[in-house]
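Position 1 is the first residue of the sequence, and the numbers go up from there.
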Amino acid sequence: GLATLVQIAVWTGIFARFVFTINVDAPVAATAFPAVSILICARNEADNLRRFLPSVLTQVYAGTFEVVVVDDASEDTSLLILKGLQQQYAHLKVIALVEKQAAGKKYALQKAIVQARYDWLLCTDADCQPASAHWLTQMATASATSLQTEIVLGYGPTLPRPGILGSWTAFETAYTALQYFAFAHSGRPYMGVGRNMAWEKSLFERGSGFSAHQHLASGDDDLLVNATAHGENVALCLYPDTFVFSAGKESWAAWLRQKHRHLTASGMYQRRHKVLLTAVGMSHCVHFGLGVIIGAMGVAVPWLWLAYLLRLAVVWPVYWTGFQRLGVARLRWWVPVLDGFMAVYYGAVVPILLLFGKRAVRWKEGD
């Protein structure tokens, strides 16, 4: 009924317009190379710093850039590794925090922002790896496409993992990206992800930094975008060379902790964004849930099957093309199943996390 109509309206009016019009081919040649500070916060990330940080330090860029890494009171050999890399790379700046000041990484990130030399800030995480040596160039090029651009949203997929959890996290990550990119493309930006996002330092300063949500462990990325982004100051960068890969969660418990942190931050979104996202999520849930309930009652209602097939006929082509462009084409055949799991996530997992997931979650447990 109404839920199906809402779903069809969103997928045709917002998602499809994004998927079938966005350019993911090679970008135009850069004409400007703004100076960039790449920011990374690390806590107990010795292995990841050794493995991934060189791919950030060796980016090919015609302009000037520095890499600022904050060691957030690590208890492993992270600082030793950073000091060793600093001897090899003159553009690496290391900030060592002696004590952990607060949950999450906002305190560490704020230290990095204050000490960053340049106005454009490009953020990623210690456990992430850019897809190519041209990540910086293309994200910086996107920032120069318009004088109004203050935020560049990039994509951060998960690395392929075997098993149900690996497939689900890859799907959920791609679905979330599809949603926030589509809304940004339609002039309604509401979030970004800190592992692949660029923004002007002045934006942070005008928005009073993280003061409005300093008490939350998460929100250093999506709440910044939610508070400051609008239809004119956001650019999207979805070239495959600019993807920043991270490992998916290794357990369901870790994934649930991460989702709880994200939901906690989303409670501080602007009202219009919360209404819009609630409408999308609840219509998705009701569309599937009503059919399951009536089917369990043994009542044959042909129009429910018709509604399901009609929506599937609308969304599957969008998933098909969108997932190909987001690098998860392998999941396209599983859309009917995984899309149904997303309804379960909206209808069961989200309410449970909001009601019973209020225990404190440390940064390294849930990010």
Between [X] and [Y], is any pair of side-chain heavy atoms under 4.5 Å apart?
{"X": "Gln179", "Y": "Tyr190", "answer": "yes"}
{"X": "Leu122", "Y": "Ser37", "answer": "no"}
{"X": "Pro336", "Y": "Leu312", "answer": "yes"}
{"X": "Val56", "Y": "Pro130", "answer": "yes"}
{"X": "Phe18", "Y": "Leu238", "answer": "yes"}
{"X": "Thr124", "Y": "Asn196", "answer": "no"}
{"X": "Val234", "Y": "Leu153", "answer": "yes"}
{"X": "Arg311", "Y": "Val314", "answer": "no"}

Next item on the list: Scan Leu223, Asn226, Asp222 and name whichever one has a side-chain contact (heavy atoms from CB on, under 4.5 Å) with Met268.
Entry: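 Between Met268 and the candidates, side-chain contact (heavy atoms from CB on, under 4.5 Å) is satisfied uniquely by Leu223.
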Exam field: side chain [X] to backbone [Y], donor-acceptor pair closer than 3.5 Å:
{"X": "Asn44", "Y": "Glu75", "result": "yes"}
{"X": "Ser186", "Y": "Phe183", "result": "yes"}
{"X": "Ser251", "Y": "Ala254", "result": "yes"}
{"X": "Asp76", "Y": "Ala46", "result": "yes"}
{"X": "Ser78", "Y": "Ser74", "result": "no"}
{"X": "Lys93", "Y": "Gln115", "result": "yes"}
{"X": "Asp221", "Y": "Val193", "result": "no"}
{"X": "Arg332", "Y": "Ala329", "result": "yes"}
{"X": "Thr137", "Y": "Val60", "result": "yes"}
{"X": "Thr173", "Y": "Ala170", "result": "no"}

Could you state the interatomic distance from [atom1] ([X]) to [atom2] ([Y]), rounded to the nearest 0.5 Å?
{"X": "Arg43", "Y": "Leu97", "atom1": "CZ", "atom2": "CG", "result": "10.0 Å"}
{"X": "Ile40", "Y": "Cys128", "atom1": "CD1", "atom2": "SG", "result": "8.5 Å"}
{"X": "Asp125", "Y": "Cys41", "atom1": "CG", "atom2": "SG", "result": "8.0 Å"}
{"X": "Glu232", "Y": "Leu147", "atom1": "CD", "atom2": "CG", "result": "13.5 Å"}
{"X": "Asp220", "Y": "Phe204", "atom1": "CG", "atom2": "CZ", "result": "9.5 Å"}
{"X": "Leu2", "Y": "His287", "atom1": "CG", "atom2": "NE2", "result": "12.5 Å"}

Checklist line | Trp135, Trp120, Phe33 screened by ring pair (Phe, Tyr, Trp, His ring centres under 6.0 Å) with Tyr61, the one that passes | finding: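 Of all the options given, the one that passes is Phe33.
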Mind checking whether [X] and [Y] sit in one hydrophobic cluster, side chains of I, L, V, M, F, W, Y counted as touching below 4.5 Å?
{"X": "Met139", "Y": "Tyr155", "result": "no"}
{"X": "Ile151", "Y": "Leu39", "result": "yes"}
{"X": "Leu136", "Y": "Leu121", "result": "no"}
{"X": "Val335", "Y": "Leu310", "result": "yes"}

[atom1]/[X]: more than 12 non-hydrogen atoms of other groups inside 6.0 Å:
{"X": "Gln270", "atom1": "CD", "answer": "yes"}
{"X": "Ile164", "atom1": "CD1", "answer": "no"}
{"X": "Arg161", "atom1": "CZ", "answer": "yes"}
{"X": "Arg330", "atom1": "CZ", "answer": "yes"}
{"X": "Trp316", "atom1": "CH2", "answer": "yes"}
{"X": "Phe341", "atom1": "CZ", "answer": "no"}
{"X": "Trp252", "atom1": "CH2", "answer": "yes"}

Margin query: One pair to check against ring-ring contact (aromatic ring centres under 6.0 Å, His included): Phe323 and Phe171. What are the steps and the verdict?
Written below: CA-CA 9 Å; Phe323 276 15; Phe171 173 85; 5.6 Å; yes
I'd like a table of donor-acceptor pairs (distance under 3.5 Å, sequence neighbours excluded) in which one partner is a side-chain atom from residues 240-247, with atom names and distances.
| from | atom 1 | to | atom 2 | distance (Å) |
| --- | --- | --- | --- | --- |
| Thr242 | OG1 | Tyr239 | O | 2.6 |

Checklist line | Distance-only polar pair, side chains of Tyr319 and Asp339, donor-acceptor under 3.5 Å | finding: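 Present: a donor and an acceptor within the cut-off.
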Next item on the list: List in chain and number order the residues that pass side chain to side chain donor-acceptor pair (under 3.5 Å) with Gln129, two or more places apart in sequence or in another chain; answer none if no residue qualifies.
Entry: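 With sequence neighbours excluded, Gln129 shows a side chain to side chain donor-acceptor pair (under 3.5 Å) to no residue whatsoever.
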Next item on the list: Take the angle between the ring planes of Trp168 and Trp255 and call it parallel below 30°, perpendicular above 60°, tilted in between.
Entry: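 Ring orientation of Trp168 relative to Trp255: perpendicular.
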Notebook entry, point to check: With under 30° as parallel and over 60° as perpendicular, where do the rings of Phe15 and Trp11 fit, or are they tilted in between?
Noted result: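 Judged by the thresholds at 30° and 60°, the geometry between Phe15 and Trp11 is tilted.
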Margin query: Filter on salt bridge (Lys or Arg N to Asp or Glu O under 4.0 Å), then keep only pairs touching residues 190-203, sequence neighbours left out; what's left?
Written below: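 Sorted result for residues 190-203: empty, none.
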Item checked: Pairing residues for Val19 by the side chain to side chain contact (heavy atoms under 4.5 Å, CB included) criterion, not counting sequence neighbours ->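 By the side chain to side chain contact (heavy atoms under 4.5 Å, CB included) rule, Val19 matches Leu178, Val318, Thr321.
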Notebook entry, point to check: Would you call Asp72 and Lys105 a salt bridge, taking side-chain N to carboxylate O under 4.0 Å as the test?
Noted result: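 Not counted as a salt bridge, because no side-chain N and carboxylate O are separated by less than 4.0 Å.
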Notebook entry, point to check: In terms of side-chain geometry, is the basic nitrogen of Lys111 or Asp71 positioned less than 4.0 Å from the acidic oxygen of its partner?
Noted result: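 Looking at Asp71 together with Lys111, the answer is no, because their closest N to O distance does not fall below 4.0 Å.
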Notebook entry, point to check: Can you list the steps and then say if His284 with Phe288 is a ring-ring contact (aromatic ring centres under 6.0 Å, His included)?
Noted result: CA-CA 7 Å; His284 195 151; Phe288 280 93; 5.6 Å; yes
Note to self: The test is side chain to side chain contact (heavy atoms under 4.5 Å, CB included); show your working for Trp199 and Ile113 and say whether it passes.
What the structure shows: CA-CA 11 Å; Trp199 35 281; Ile113 294 168; 3.4 Å; yes
I'd like a table of donor-acceptor pairs (distance under 3.5 Å, sequence neighbours excluded) in which one partner is a side-chain atom from residues 83-91, with atom names and distances.
| from | atom 1 | to | atom 2 | distance (Å) |
| --- | --- | --- | --- | --- |
| Gln86 | NE2 | Leu92 | O | 3.3 |
| His91 | NE2 | Leu57 | O | 2.8 |

Note to self: Suppose we call two aromatic rings close when their centres sit under 6.0 Å apart. Are Tyr118 and Phe65 close by that rule?
What the structure shows: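 Tyr118 vs Phe65: aromatic centres not under 6.0 Å.
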Next item on the list: List the atom of Ser167, the atom of Leu331, and the distance in Å for their closest heavy-atom pair.
Entry: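 Closest approach of Ser167 to Leu331, heavy atoms only: O-CD1, 4.0 Å.
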Which pairs would a plain distance check flag for residues 275-283, meaning a side-chain donor or acceptor within less than 3.5 Å of a matching protein atom at least two apart in sequence or in another chain?
| from | atom 1 | to | atom 2 | distance (Å) |
| --- | --- | --- | --- | --- |
| Thr278 | OG1 | Lys274 | O | 2.7 |
| Ser283 | OG | Gln7 | NE2 | 2.9 |
| Ser283 | OG | Ala279 | O | 2.7 |
| Ser283 | OG | Val280 | O | 3.0 |

